[in-house]
Amino acid sequence: QVQLVESGGGLVQPGGSLSLSCTASGSIGDINTMNWYRQVPGERHELVAGITSSDAIDYADSVKCRFTISRDNDKNTVYLQMNSLKPEDTAMYYCQYSSIRDGYEYIYWGQGTQVTVTA
């Protein structure tokens with residue numbers, strides 16, 4: 001079992017910045033991926049960014065050059081620095097933990113933190 005706790009969401013004006021954090025606890029594997037997803041009510045989760053324990057990184061095209069994902073393995077924490085925020089970035093942001101052992105994928109989700117971008 002892995003527990004994920006997100007923080008850092010809030011209300012920000014267009015062009016502003018926010019920094020999200022997600023801390024994992026429990027049965028943390030040495031090899032894993034931590035992702036940020038976001039969701040608007042009634043729509044599917046969208047992968048925003050992900051980072052592996054070996055520091056491979058992927059971003060959605062819509063956030064490239066604006067968002068930066070990073071992690072601190074000693075603290076079991078993943079961060080998402082969001083700059084130049086747009087109204088279309090408004091969503092509930094969720095942290096996801098994923099690991100694969102013996103061909104089986106283990107996935108856990110945080111409770112989410114709301115990001116609202118409006119003038």
Side-chain angles (χ1 to χ4, degrees):
Q1 181 68 44
V2 174
Q3 297 80 43
L4 303 171
V5 179
E6 305 111 321
S7 64
L11 179 66
V12 67
Q13 295 181 348
S17 299
L18 285 173
S19 182
L20 307 183
S21 299
C22 173
T23 298
S25 62
S27 302
I28 306 301
D30 291 336
I31 301 175
N32 61 74
T33 299
M34 299 189 74
N35 302 306
W36 286 101
Y37 282 79
R38 65 187 181 188
Q39 184 180 39
V40 176
E43 300 182 5
R44 293 182 176 180
H45 283 76
E46 174 191 18
L47 177 63
V48 177
I51 183 169
T52 71
S53 50
S54 59
D55 293 328
I57 295 174
D58 189 34
Y59 294 102
D61 289 340
S62 60
V63 306
K64 287 181 178 178
C65 301
R66 298 190 298 119
F67 292 8
T68 301
I69 190 170
S70 61
R71 62 187 293 164
D72 184 334
N73 291 331
D74 290 336
K75 297 181 178 179
N76 294 320
T77 299
V78 62
Y79 306 93
L80 186 67
Q81 178 64 46
M82 304 184 293
N83 299 322
S84 301
L85 283 162
K86 306 174 181 179
E88 63 200 68
D89 295 318
T90 296
M92 184 73 74
Y93 283 70
Y94 296 92
C95 178
Q96 183 205 62
Y97 168 95
S98 175
S99 67
I100 299 176
R101 296 189 298 276
D102 298 324
Y104 188 87
E105 185 173 20
Y106 299 82
I107 299 176
Y108 301 90
W109 293 87
Q111 80 289 343
T113 184
Q114 178 68 40
V115 172
T116 301
V117 185
T118 184

*Asks:* Any chain of hydrophobic side-chain contacts (each under 4.5 Å) joining L47 to I51?
*Replies:* no
*Asks:* State, to 0.1 Å, how close S62 and R38 come at their nearest heavy-atom pair, and which atoms those are.
*Replies:* OG-NH2, 3.4 Å
*Asks:* Decide yes or no on side chain to side chain contact (heavy atoms under 4.5 Å, CB included) for F67 and L80, but give the supporting numbers first.
*Replies:* CA-CA 7 Å; F67 292 8; L80 186 67; 4.1 Å; yes
*Asks:* State, with a plain yes or no, whether a side-chain heavy atom of E6 is found less than 4.5 Å away from one of C22.
*Replies:* yes
*Asks:* Determine the minimum heavy-atom distance between I28 and N32, stating which atoms define it.
*Replies:* CG2-ND2, 4.1 Å
*Asks:* Among all residues two or more places apart in sequence or in another chain, which pass the salt bridge (charged side-chain N to carboxylate O under 4.0 Å, His left out) test with R71?
*Replies:* none
*Asks:* Applying side chain to side chain contact (heavy atoms under 4.5 Å, CB included), run through V115 and L20 and close with a yes or a no.
*Replies:* CA-CA 9 Å; V115 172; L20 307 183; 4.2 Å; yes
*Asks:* Clusters formed by hydrophobic residues whose side-chain heavy atoms approach within less than 4.5 Å: which one holds V40, and what are its other members?
*Replies:* none
*Asks:* Checking D61 now: which residues fulfil salt bridge (charged side-chain N to carboxylate O under 4.0 Å, His left out) with it, not counting sequence neighbours?
*Replies:* K64
*Asks:* According to ring pair (Phe, Tyr, Trp, His ring centres under 6.0 Å), does anything in residues 75-98 pair up with another residue at least two apart or in another chain? List the pairs.
*Replies:* H45-Y94
*Asks:* Locate the shortest heavy-atom distance separating V2 from A24; write the atom from each residue and the value.
*Replies:* CG1-CB, 4.2 Å
*Asks:* Could you walk me through whether S70 and Q81 satisfy the side chain to side chain contact (heavy atoms under 4.5 Å, CB included) test, starting with their C-alpha distance in whole Å, then the side-chain angles of each, then the deciding distance to 0.1 Å, before giving a yes or no?
*Replies:* CA-CA 8 Å; S70 61; Q81 178 64 46; over 6 Å; no
*Asks:* Please report the interatomic distance CD(Q3) to CD(Q111), rounded to the nearest 0.5 Å.
*Replies:* 12.0 Å
*Asks:* Between Y37 and C95, is there a side-chain heavy-atom distance shorter than 4.5 Å?
*Replies:* no
*Asks:* Nearest 0.5 Å please: distance from the CG atom of N76 over to the CE atom of M34.
*Replies:* 7.5 Å
*Asks:* Is there any side-chain hydrogen bond (donor to acceptor under 3.5 Å, both in side chains) pair reaching into residues 47-58, and which pairs are they, with sequence neighbours excluded?
*Replies:* T52-S54
*Asks:* Verify side chain to side chain contact (heavy atoms under 4.5 Å, CB included) between T23 and L4, making sure each step is shown before the conclusion.
*Replies:* CA-CA 6 Å; T23 298; L4 303 171; over 6 Å; no
*Asks:* Under the criterion side chain to side chain contact (heavy atoms under 4.5 Å, CB included), which of T116, T113, L85 is the partner of L18?
*Replies:* L85
*Asks:* Does either side chain, that of Q39 or that of E46, offer a donor lying less than 3.5 Å from an acceptor on the other one?
*Replies:* no
*Asks:* Pairs under 3.5 angstrom only: tabulate donor-acceptor contacts from the side chains of residues 100-110 to other protein residues two or more places apart or in another chain.
*Replies:*
residue: R101; atom: NH1; partner: S99; partner atom: OG; Å: 3.2
residue: E105; atom: OE2; partner: S98; partner atom: OG; Å: 2.8

*Asks:* With no hydrogens and no angle check, is any side-chain donor or acceptor of T90 less than 3.5 Å from a backbone partner on E88?
*Replies:* no
*Asks:* Can you check whether G50's main-chain N or O pairs, donor with acceptor, with Y59's side chain at less than 3.5 Å?
*Replies:* no
*Asks:* Is there side-chain contact between D89 and M82, with heavy atoms separated by less than 4.5 Å?
*Replies:* no
